[in-house]
Amino acid sequence: MKKNSSSAEFLKAPFPVLVYNLILAYVLFMLCRIIFICYNWTELAGSFNDRDTIVPFIKGALKFDTAGILYLTLPYIVLTLFPFHFKERKGFFVFLRILFTVSLCLAAVANLADTIYFPYTGCRSTFSVFTEFQDESTSEILKIFIDNILGNWYLAIAGAVLIILMCLAVKTPVVVRFNRLWKYYLIRTILLCAGVALSVCGIRGGFATSIRPIAMSTAYQYVSTTSQAAAVLNTPFCAIRSIGHTSTDIPEYFSGQELENIYSPVIEPDSGRVFTPKNVVVFILESFGAEYIGQMNPGRAGIHDCTPFLDSLMERSLYFEYSMANGRKSIDAMPSILSGIPMLNDHFMLTGTMMSKPVGGLAGYLKDKGYHSVFFHGADNESMGFQSYARLIGYDDYYGRYEFNRDSRFNGDRDFDGVWAVWDEEFLQFMADSINEFREPFVASVFTASSHNPFNIPEKYRGTWPDEGGLPIYKTVRYSDNALREFFENASRQPWFENTLFVLTADHTNLSEHPDYQSAFGQFRVPIIFYAPGDSLVGQRHCLAQQSDILPTILGYLGYDKPIVAFGQNLLETPDQDVWAANYQNGIYMFYRNGLMIQFDGNQLLGTYEYEKDTRLENNIKGRYPEIEEAMEAQLKAIVQQYMEHMASKPLVLI
């Protein structure tokens with residue numbers, strides 16, 4: 001070997017350069033995390049106020065950064081250490097530098113993009129994000145991307161600076177030639193074996209064989225809230241770790257008959273009811289979180305009541321004090337609301353294997369009763385996979401932007417918002433006028449769009465609803481609430497109105513500035529409203545409700561006479577103390593019943609909270625009610641196992 005005793009030259013050799021570059025990766029990931037925390041400080045404020053929280057947080061962050069970095073750079077590590085002497089050339093080392101730099105730049109972009117996305121979802125993005133928007137046109141995605149860059153220009157500048165510094169800081173090793181090849185192969189083989197072994201341990205999260213590979217839920221070993229967990233995690237880890245995760249990962253908590261005895265999603269009809277063929281109209285209101293609704297916040301200071309019309313409608317409706325979404329993304333909403341199938345794992349139903357099997361839904365169930373059904377959404381017809389799912393669950397027709405543009409009564413693309421869809425005001429009028437032409441009974445469902453990022457409203461209303469408070473969404477919710485008012489003014493004059501059940505909910509929550517809505521509980525709170533003009537379905541229930549209860553409640557109200565599969569309950573026939581709700585975030589199940597919420601990671605109970613008294617989930621009372629906690633955990637396990645089994649092989653509709 002041609003020796004050089006200079007320590008400076010030694011530090012330029014491949015192995016020391018490898019170590020240096022990996023340390024650089026840790027610095028990059030930690031800087032991205034600091035930016036994430038600063039950008040989302042309102043949701044994380046108070047999380048890092050003493051050594052008892054900061055030290056575990058840093059330990060967890062380093063563990064997940066190790067896994068994320070090794071996932072991304074394992075090819076670089078192996079190629080650097082692989083014992084082929086003929087690869088020890090400058091050109092190959094330049095290639096390795098490019099490979100490493102590109103990997104880290106992609107990691108920086110992913111982490112910083114999730115920094116912006118987190119306020120809307122409350123969790124780190126998984127691999128499914130790549131399929132969520134697969135039906136959107138390239139031009140729309142590009143426009144959204146540019147709008148977010150312009151709206152967060154300081155973050156874009158920070159990201160550009162980080163990437164430039166990273167490109168400049170990454171080192172390329174010098175060529176070291178060996179005269180004794182046996183020594184080269186011996187040293188490199190040892191280093192390769194050690195490097196691969198350490199990488200596997202780093203990816204798994206430890207050396208002991210008894211340690212289960214870390215998952216997103218492992219973050220809760222170091223923190224106590226979903227926001228803190230998202231800060232501990234990094235996006236590359238979450239995206240890579242979730243590749244290939246489908247609904248077929250079935251836990252075996254209980255045997256077959258034991259499972260059925262604890263919980264079954266098959267809901268039998270009330271044999272004493274006579275079917276009443278009332279029309280059904282379901283509103284899925286984009287981003288209408290409970291935080292913006294005055295009627296859901298009586299006496300709570302610091303709330304911006306953006307829904308004067310919805311408030312007035314709720315006074316004439318049945319609604320629930322603790323109503324919740326089952327997911328945090330638009331793509332979660334349709335299965336939960338219209339099929340009674342919540343999102344209880346990381347698998348996206350609208351883009352996954354469930355699209356290849358029969359699935360029950362409101363329109364399909366009522367088709368046998370002579371109902372005509374239409375789904376409305378003002379975006380391009382292929383947007384978000386909504387049209388495909390509507391067809392799957394039995395909707396006869398789909399009215400989107402294309403159908404709106406063909407209607408001569410409206411202005412076509414002059415009423416397009418330029419990003420997502422037709423403005424809510426015009427599209428809901430289009431919906432009302434279209435319904436007037438339907439035969440009764442009918443099912444009409446609509447997914448509104450205007451109260452969505454980038455939170456624009458039509459030019460003519462910008463003086464009416466200017467920016468207020470600290471959130472740009474307030475003015476768009478006010479606009480959409482007014483569009484809803486105009487729809488009901490039109491509908492109330494129509495002959496079908498009195499014979500219709502209206503159901504209103506939101507797809508998910510959105511931006512938040514009130515601390516009560518920044519906990520794992522508050523992040524899921526949305527309205528669930530049943531309005532039947534002239535009926536006695538009025539008042540507030542002091543109990544839970546979830547989106548997956550909507551389907552069985554509608555069918556129960558109508559007197560539907562066949563069994564269905566739904567992971568919810570008929571709220572009209574379930575006592576308050578028996579109503580439950582479940583959702584899932586960052587690898588953690590949250591289960592609510594009778595004033596208590598438990599957090600469960602699939603293996604063990606993590607926490608118990610009195611969500612009615614402790615809306616911010618600040619006091620973990622795990623162990624205070626052992627018998628109740630045990631019963632709740634058993635019920636949740638049964639729900640999860642039934643859910644996974646039905647998603648994988650059991651039927652989702654009883655044909």
Please work out which of the three classes, parallel, tilted or perpendicular, describes the rings of [Y] and [X], given edges at 30° and 60°.
{"X": "Phe430", "Y": "Tyr399", "value": "tilted"}
{"X": "Phe438", "Y": "His372", "value": "perpendicular"}
{"X": "Phe591", "Y": "Trp580", "value": "tilted"}

Before accepting this row, confirm whether a basic side-chain N of the pair [X]/[Y] lies closer than 4.0 Å to the acidic partner's carboxylate O.
{"X": "Asp561", "Y": "Arg273", "result": "no"}
{"X": "Asp413", "Y": "Arg401", "result": "yes"}
{"X": "Arg485", "Y": "Glu425", "result": "no"}
{"X": "Glu403", "Y": "Arg406", "result": "no"}
{"X": "Arg409", "Y": "Glu437", "result": "yes"}

Report task. Mark yes or no: Lys369 above the aromatic ring of Phe275, with NZ or CZ under 6.0 Å from the six-membered ring centre and no more than 45 degrees from the axis. Result ->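 Yes.
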Query raised in the report: Centre of Tyr319's six-membered ring, under 6.0 Å away, within 45 degrees of the axis: is that where NZ or CZ of Arg541 sits?
Result: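 Because its charged atom misses either the 6.0 Å distance or the 45° angle limit, Arg541 does not stack over Tyr319.
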Using a 3.5 Å distance criterion without hydrogens, assess whether the side chain of [X] forms a donor-acceptor pair with backbone atoms of [Y].
{"X": "Asn279", "Y": "Phe442", "value": "yes"}
{"X": "Ser451", "Y": "Ser287", "value": "no"}
{"X": "Asp481", "Y": "Leu310", "value": "yes"}

Query raised in the report: If every non-hydrogen atom of Ile267 is compared with every non-hydrogen atom of Pro552, which pair is closest and at what distance?
Result: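 Nearest pair, atom of Ile267 first, then Pro552: CD1-CB, 3.7 Å.
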Query raised in the report: Does the side chain of Gln547 come under 3.5 Å of the side chain of Asp507 through a donor N or O and an acceptor N or O?
Result: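 The answer is no; no qualifying pair exists.
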Requested in this report: Decide if the gap between the ring center of Phe283 and the ring center of Phe487 is smaller than 6.0 angstrom.
Outcome: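 When the ring centroids of Phe283 and Phe487 are compared, they turn out to be within the sub-6.0 Å range.
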**Report entry** Distance flag, aromatic centroids of Tyr643 and Tyr263, threshold under 6.0 Å
**Finding:**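 That pair fails the under 6.0 Å test.
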Query - With Phe288 via ring-ring contact (aromatic ring centres under 6.0 Å, His included) - residues at least two apart - result: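 Not a single residue meets the ring-ring contact (aromatic ring centres under 6.0 Å, His included) criterion with Phe288.
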Query raised in the report: What residue pairs, at least two apart or across chains, pass ring-ring contact (aromatic ring centres under 6.0 Å, His included) with a residue in residues 320-344?
Result: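 ring-ring contact (aromatic ring centres under 6.0 Å, His included) check on residues 320-344 returns Tyr322-His542, Tyr322-Tyr611.
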**Report entry** Intermediate values then yes/no, side chain to side chain donor-acceptor pair (under 3.5 Å), Tyr395 and Ser445
**Finding:** CA-CA 9 Å; Tyr395 279 85; Ser445 304; 2.6 Å; yes
